[in-house]
Amino acid sequence: MSTYLLVHGAWHSGQSWERVVPLLTAAGHRVRAPSLTGYGDRAHLLSPDVGLETHVEDVVGLIVEEDLTDVVLVGHSYAGLVISSVANRVPDRIAHLVYLDAMVPAHGETAVDAQPITQVLIDNAAKTDAPWRIPPLPEMPPPGGLFGVTDPADVAWLRATLSDQPVLCLQQPVQLDNPAADTIERTHIHCTVGVPEGITRRPVPPVQPNGSPAQVWELPTGHDCMITLPADLTNLLLKVG
């Protein structure tokens, strides 16, 4: 049995994984898919003080409280920063890092460094009465949809689960200065359909920090693949568990 810890991205919540959790559980694994501070059932905790470090503490706290080990730590989108930072903090508890259509930062970088278009969202928020929070992105024409989700029923469901994103999350830098984290195996999963204009993806180096060849897989769907292709995503996750 493996332990999968699924970390949602910006604006989303733990609910975004609800089609994947039962599939991993049915395969005999333990699964955790928490909502980070400020989202989902914790949306009432949203404040200007919620930042990347808050979310790192959320995940580290869960791992330590439940004494989780050999964790397959999956980070979607913005959560690439979160899982990188968590691995830096508790590398001995992490068996595998999975970057799911995610930002992949270097030491000292912010979300703006990893995905420069993020600065546009921060600048737009600065012109409002609530400059510390960024509302969810609007739905785009297919194939862009709402975070890559285009089915009308799924779009309506997803929209109801979204929360605003604190700006501080995008401005705090990651600390990746623990050499022990470099030994952790990594997998990158890229979603290839409906990538919005301005979104960039850094090339994955051919060799992982631990010296193993890079492992990069693709899913022919939009950004929120856990909603659009849950079975396909689960099959890939089972390969690393």
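Residue indices begin at 1 and follow the sequence shown.
- Using modelled atom types and a 3.5 Å distance limit, the side chains of Thr187 and Gln215 yield a donor-acceptor pair.
- Looking at Gln172 and Thr110, their side chains never bring a donor and an acceptor atom within 3.5 Å of each other.
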query = Can you check salt bridge (charged side-chain N to carboxylate O under 4.0 Å, His left out) on Arg201 and Glu218, steps first, answer last?
reply = CA-CA 13 Å; Arg201 178 180 288 135; Glu218 293 185 346; over 6 Å; no

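- A continuous path of ILVMFWY side-chain contacts below 4.5 Å connects Leu36 to Leu137, so both sit in one hydrophobic cluster.
- Arg202 places a side-chain N or O within donor-acceptor distance of the main-chain N or O of Val104, the cut-off being under 3.5 Å.
- Residues Arg32 and Glu65 are not paired through a salt bridge, judged by the lack of any N-O separation under 4.0 Å between the basic side chain and the carboxylate.
- Rounded to the nearest 0.5 Å, atoms NE2 (His44) and OG (Ser163) are 11.5 Å apart.
- Arg93 places a side-chain heavy atom less than 4.5 Å from the side chain of Asp67.
- For the pair Thr128 (side chain) and Ala125 (backbone), a donor-acceptor distance under 3.5 Å is present.
- Considering every non-hydrogen atom in both Pro173 and Gly108, the closest pair reads CB-O, 3.3 Å.
- Hydrophobic clustering of Ile, Leu, Val, Met, Phe, Trp and Tyr side chains at less than 4.5 Å, counting indirect connections, unites Val64 with Leu62.
- Taking each heavy atom of Ala33 and Val21 in turn, the nearest pair found is CB-CG2, 4.0 Å.
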Worked verdict on Val204 versus His190 for side-chain contact (heavy atoms from CB on, under 4.5 Å) = CA-CA 11 Å; Val204 177; His190 296 161; 3.9 Å; yes

request  = Kindly indicate, with the supporting measurements, whether the criterion side-chain contact (heavy atoms from CB on, under 4.5 Å) is fulfilled by His12 and Tyr39.
outcome  = CA-CA 7 Å; His12 291 60; Tyr39 311 96; over 6 Å; no

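- Asp224 places no side-chain N or O within donor-acceptor distance of the main-chain N or O of Val149, the cut-off being under 3.5 Å.
- Taking every heavy atom of both residues into account, Gly75 and Ala102 meet most closely at O-CB, 3.4 Å.
- Of the inter-residue distances, the one linking Leu52 atom CG with Glu57 atom CD reads 10.5 Å to the nearest 0.5 angstrom.
- Atom CG in Leu146 sits 12.0 Å away from atom CG in Asp151 (nearest 0.5 Å).
- Rounding to the nearest 0.5 angstrom, the gap separating the CE atom in Met226 from the CG atom in Leu219 is 10.0 Å.
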request  = Determine, stepwise, if the pair Val74 / Trp17 fulfils side-chain contact (heavy atoms from CB on, under 4.5 Å).
outcome  = CA-CA 11 Å; Val74 183; Trp17 302 102; 4.0 Å; yes

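- Residues Pro136 and Asp164 have side chains in contact (heavy-atom distance under 4.5 Å, counting atoms from C-beta outward).
- Residue Gln208 comes nearest to Ala214 through the heavy atom pair CG-CA, 4.0 Å, listed as atom of the first residue, atom of the second, then distance.
- Asn88 places a side-chain N or O within 3.5 Å of a backbone atom of Asp177 that can act as its donor or acceptor partner.
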Steps toward side-chain contact (heavy atoms from CB on, under 4.5 Å) verdict (Ile63, Ile94) = CA-CA 10 Å; Ile63 291 173; Ile94 311 301; 4.1 Å; yes

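- A donor-acceptor pair under 3.5 Å links the side-chain atoms of Trp11 to the main chain of Pro135, judged by distance alone.
- Proximity of Val71 to Val86: side-chain heavy atoms (C-beta onward) are nowhere separated by under 4.5 Å.
- With a 4.5 Å cut-off on side-chain heavy atoms, Val31 and Val20 do not count as touching.
- Asp101 places a side-chain N or O within 3.5 Å of a backbone atom of Cys191 that can act as its donor or acceptor partner.
- Looking at His8, its side chain never comes within 3.5 Å of a backbone N or O of Ser35 through a donor-acceptor pair.
- Here the side chains of Ile134 and Leu170 are in contact, with some heavy-atom distance below 4.5 Å.
- Between Val60 and Val56, the closest side-chain pair of non-hydrogen atoms falls below 4.5 Å.
- With a 4.5 Å cut-off on side-chain heavy atoms, Asp70 and Thr3 do not count as touching.
- Summarising the geometry, atom CD belonging to Gln115 is positioned 8.0 Å from atom OG belonging to Ser77; distances are rounded to the nearest 0.5 Å.
- Using modelled atom types and a 3.5 Å distance limit, the side chains of Tyr78 and Thr118 yield no donor-acceptor pair.
- In this structure, the side chain to side chain contact (heavy atoms under 4.5 Å, CB included) partners of Pro196, at least two apart in sequence or on a different chain, are Ile199.
- Inter-residue side-chain proximity for Leu45 and Val50 is flagged as unmet; no heavy-atom pair is nearer than 4.5 Å.
- Residues Thr200 and Pro116 approach most closely at OG1-CD, 4.0 Å, considering heavy atoms.
- To the nearest 0.5 Å, the span separating CG on Asp58 from OG1 on Thr37 amounts to 3.5 Å.
- Checked by atom type and distance alone, the side chain of His76 pairs as donor or acceptor with a backbone atom of His223 at under 3.5 Å.
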Under 3.5 Å donor-acceptor pairs involving side-chain atoms of residues 229-241, not counting sequence neighbours:
{"unit_1": "Thr234", "atom_1": "OG1", "unit_2": "Pro230", "atom_2": "O", "d": "2.7"}
{"unit_1": "Asn235", "atom_1": "ND2", "unit_2": "Ala231", "atom_2": "O", "d": "3.3"}

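- Closest non-hydrogen pair, Gln175 versus Ser85, comes out as N-OG, 4.4 Å.
- A donor-acceptor pair under 3.5 Å links the side-chain atoms of Arg19 to the main chain of Ile227, judged by distance alone.
- Judged by distance alone, the side chains of Thr228 and Thr221 do bring a donor and an acceptor atom under 3.5 Å apart.
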